[in-house]
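All remarks here apply to the structure that follows.
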Amino acid sequence: MSAERVVNLAPIIPMKELNTKETYFNPFPVYDVLQKESPVRFDIERNCWDVFLYEDVDYVLKKHELFSSEQRRMVERENLLRMDPPRHKQMRDLVNKAFTPKAINDLAPRIKEITAELLDEVGESGEMNMIADFAMPLPVIVIADLLGVPPEDREKFKVWSDTLVKGVVENKPEAFAAVEKEQVQARDELRDYLADVLELRRKEPHDDIMSALLAAEIDGTKLTDSEILEFSMLLLAAGNETTTNLITNGVRILTEMPHLQKEVAKNLALVPTMVEEVLRYYPPVQAPSRIAKEDVILRDQLIKKGDAVVAWVAAANRDEAKFSDPHSFIVNRKPNQHLTFGKGIHFCLGAPLARLEAKVAFEELLTRFHHLNVKKDALIERTQAPQMYGVVEYPVTFKQSL
Ligand code: HEM
């Protein structure tokens, strides 16, 4: 790959097959048809390859020697997600020192506390806006706490992180320019803000990720300030909307299949497999992407060096060659080797955190509330970015358990 990073906008442009409200909201039947009719296809409009089968998506994500992550979208700078080896390994080993499973597990009581506080606030009223009241603040507060950001700045954080993952509605230069302008501003403001936090932690280390990143060292190599800042911004961009969508998508399923509410509430040991099934069934990230490093033949198609390849994990997760009865939500599905957190060297670093937050969120919701229903006449629309899967608002009603 040349030193110049490839700009790859394909994943943030909706494919034409999803151009009606209905198909955009429920893209899974469309993925299913594409998987069967053109499992590896080139889309001229988006200028990229789309790959739909489990086996191929798995291959593209695993084979980092053939498919590079060195690309950027809109205003991104170099970060872990967009690095190839050997840089990726050096950086991932260093951040692993701060982002350890123990560090995540230690957060469990704090996550429970935040969850309880958020649900206490709405309990009496019998209704809530699932996203604004719960699924959005929970991950933002957790990441803000992890980074050492004071509570009064959380709302600013939410706005910055949302702007950074925003999609483009129309495939037109003006639309890209408008989003790019907003993203540059958000990125610069967030970076300046985090640079101040970094300085504070350098003077006075705390028990947070920023301090651990400053201290992390392997064979005398440490992260530079700029690397710490880019990584912190990546945590916000990669961890907030995804986890918000995981929780909301789970609540959507609980309201779409109400019998599950009783079943899981009676047996909370089902929550971990339920979380995995939500991840498989409604994946918050629909499709990571890569750039071919050399010519590759996949199912008789020639993918040329430099071509963009979009790996549709959302389609792969419903491939009948891998999952039995793939379009059914099976709360205790096992095994469940979905690809929602990716595969290979870029496997989601935040997966243990996202799983923990979702587990606590569903346990608390199902213990405290019953008869969860989506509010009558609510307008439920999918969020704008086609590489993500979530809804804009999800107002619900419920009864409080005694
Ligand atoms: C990477 C999904 C939550 C941090 C990834 C990748 C996926 C993903 C698919 C790999 C992308 C690729 O291969 O190009 C998700 C989903 C989440 C979630 C579905 C929630 C349900 C989080 C959280 C954090 C996080 C909570 C951190 C607080 C990261 C980082 C990477 C990553 C740092 C880059 C890893 C690397 O390149 O080595 N995530 N993520 N994610 N995720 Fe997550």
Side-chain angles (χ1 to χ4, degrees), residues 8 11 57-64 67-73 76 78-85 87-96 98-101 103-104 107 111 135 138-147 157 161 164-165 208-209 213 227-228 230-250 275-291 308-314 316-317 338-359 361-362 385 387-390:
N8 177 12
V57 170
D58 184 74
Y59 181 78
V60 168
L61 295 179
K62 252 185 348 211
K63 281 277 177 193
H64 57 83
F67 299 99
S68 167
S69 290
E70 284 195 358
Q71 47 178 304
R72 61 187 173 81
R73 257 167 242 159
E76 275 178 351
E78 184 179 57
N79 68 39
L80 187 67
L81 189 60
R82 312 275 182 234
M83 277 176 196
D84 283 346
R87 276 288 290 136
H88 176 267
K89 178 159 168 39
Q90 287 162 357
M91 177 89 183
R92 178 123 181 178
D93 286 351
L94 273 167
V95 300
N96 266 338
F99 219 84
T100 57
I104 301 308
L107 291 172
I111 293 174
L138 178 61
V140 177
I141 297 173
V142 172
I143 293 188
D145 271 15
L146 263 176
L147 286 172
F157 255 73
S161 69
L164 288 175
V165 293
D208 57 36
I209 287 272
L213 290 168
E227 285 168 341
I228 295 179
E230 289 310 321
F231 179 68
S232 306
M233 306 224 299
L234 175 63
L235 291 185
L236 287 174
N240 282 349
E241 192 184 342
T242 46
T243 311
T244 299
N245 289 346
L246 167 58
I247 295 170
T248 316
N249 293 347
V275 171
E276 296 311 305
E277 186 66 342
V278 175
L279 284 160
R280 182 191 74 85
Y281 194 80
Y282 283 158
V285 173
Q286 299 273 287
S289 72
R290 298 290 187 266
I291 304 293
V309 181
V310 179
W312 287 95
V313 299
N317 283 353
H338 62 73
L339 295 174
T340 303
F341 287 123
K343 190 76 180 257
I345 60 169
H346 290 280
F347 183 84
C348 178
L349 185 75
L353 178 57
R355 284 177 162 137
L356 179 63
E357 287 182 51
K359 177 174 170 281
F362 296 139
Q387 78 280 20
M388 309 294 275
Y389 190 73

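Read the numbers this way: they start at 1 and go in the same order the structure lists the ligands and their atoms. Bear in mind the structure is a predicted one, so any value in this text is a computation, not a measurement.
The Pro288 neighbourhood of ligand 1 comprises atoms 12 (C), 14 (O), with distances under 4.0 Å to a heavy atom of that residue. Listed by number with element, the atoms of ligand 1 under 4.0 angstrom from any heavy atom of Leu235 are 27 (C), 28 (C). Taking every heavy atom of Ile143 and a limit of under 4.0 angstrom, the matching atoms of ligand 1 come to 28 (C). Against a heavy-atom cut-off of under 4.0 Å, Thr340 is close to the following atoms of ligand 1: 2 (C), 9 (C), 19 (C). Set against the non-hydrogen atoms of Gly342, the atoms of ligand 1 under 4.0 Å away are 9 (C). Short contacts between ligand 1 and Val285, defined as distances under 4.0 Å to a heavy atom of the residue, involve ligand atoms 2 (C), 19 (C). Each of the atoms 35 (C), 36 (C), 37 (O), 38 (O) of ligand 1 lies under 4.0 Å from some heavy atom of Leu80. Every atom of ligand 1 with a heavy atom of Leu246 under 4.0 Å away is listed here by number and element: 21 (C).
Atom CD1 of Ile143 is separated from atom OG1 of Thr243 by 6.5 Å, given to the nearest 0.5 angstrom. In this structure, Lys62 NZ and Phe347 CZ are separated by 13.0 Å, a value rounded to the nearest 0.5 Å. Rounding to the nearest 0.5 Å places CD of Glu357 at 9.0 Å from CD1 of Ile104. Put simply, CD1 on Ile111 and CG on Leu138 are 7.0 Å apart, with the number rounded to the nearest 0.5 Å. In this structure, Asn79 CG and His88 NE2 are separated by 9.5 Å, a value rounded to the nearest 0.5 Å. Note that the NZ atom of Lys343 and the CG atom of Asp58 stand 3.5 Å from one another [nearest 0.5 Å].
In terms of modelled atom types and a separation under 3.5 Å, the side chain of Arg280 and the main chain of Asn317 share a donor-acceptor contact. At distances below 3.5 Å, at least one donor-acceptor pair connects side-chain atoms of Gln71 with backbone N or O atoms of Ser289. No donor-acceptor distance shorter than 3.5 angstrom exists from the side chain of Thr248 to the backbone of Asn245, with no hydrogens or angles considered. A side-chain donor-acceptor contact under 3.5 Å links Asn249 to the backbone of Tyr389. Here the side chain of Thr244 pairs a donor or acceptor atom with the backbone of Ala135 at under 3.5 angstrom.
Contact between Lys343 and ligand 1 is absent, with no heavy atom of the residue lying under 4.0 Å from the ligand. Under a 4.0 Å heavy-atom criterion, Ile345 is in contact with ligand 1. Residue contact annotation: Met83 has no non-hydrogen atom under 4.0 Å from ligand 1.
Closest to atom 30 (C) of ligand 1 among all protein heavy atoms lies Leu349 CB, 3.9 Å. Closest protein heavy atom to atom 34 (C) of ligand 1: Leu81 CD1, 3.6 Å. Here the protein heavy atom with the shortest distance to atom 6 (C) of ligand 1 is Phe341 O, 3.9 Å. Among protein heavy atoms, the minimum distance from atom 29 (C) of ligand 1 is reached at Ala238 CB, 3.8 Å. If you check which protein heavy atom lies closest to atom 41 (N) of ligand 1, you get Cys348 SG, 3.0 Å. Regarding atom 37 (O) of ligand 1, its nearest protein heavy-atom neighbour is His346 ND1, 2.6 Å. In this structure, atom 24 (C) of ligand 1 lies nearest to the protein heavy atom Gly350 CA, 3.4 Å. Nearest protein neighbour of atom 14 (O) of ligand 1, counting heavy atoms only, is Arg290 NH1, 2.8 Å.
For ligand 1, the polar-atom distance check finds no N/O of Ser69 at less than 3.5 Å from any of the ligand's N/O atoms. Of the N or O atoms in Thr243, none lie within a sub-3.5 Å distance of an N or O in ligand 1.
At a heavy-atom distance under 4.0 Å, only side-chain atoms of Arg92, from C-beta outward, approach ligand 1. By the criterion of a heavy-atom distance under 4.0 Å, the side chain of Leu234, and not its backbone, is placed next to ligand 1. In Phe99, the part holding a heavy atom less than 4.0 Å from any atom of ligand 1 is the side chain. Proximity of His88 to ligand 1, defined as any heavy-atom pair under 4.0 Å, is confined to the side chain (atoms from C-beta onward).
Screening Leu236, Asn240, Asp145 against Val140 for a side-chain contact (heavy atoms from CB on, under 4.5 Å) leaves a single residue, Asn240.
Considering only non-hydrogen atoms, atom 20 (C) of ligand 1 lies nearest to Thr242 out of Thr242, Val60, Leu356.
One finds no salt bridge joining Glu230 and Arg82 here, because no Lys/Arg side-chain nitrogen approaches an Asp/Glu carboxylate oxygen to under 4.0 Å.
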Inset, instruction - Could you walk me through whether Thr242 and Met388 pass the side-chain contact (heavy atoms from CB on, under 4.5 Å) test, one step at a time? - result: CA-CA 8 Å; Thr242 46; Met388 309 294 275; 3.8 Å; yes

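Remark: aromatic rings of His346 and His64 are distant, center separation not under 6.0 Å.
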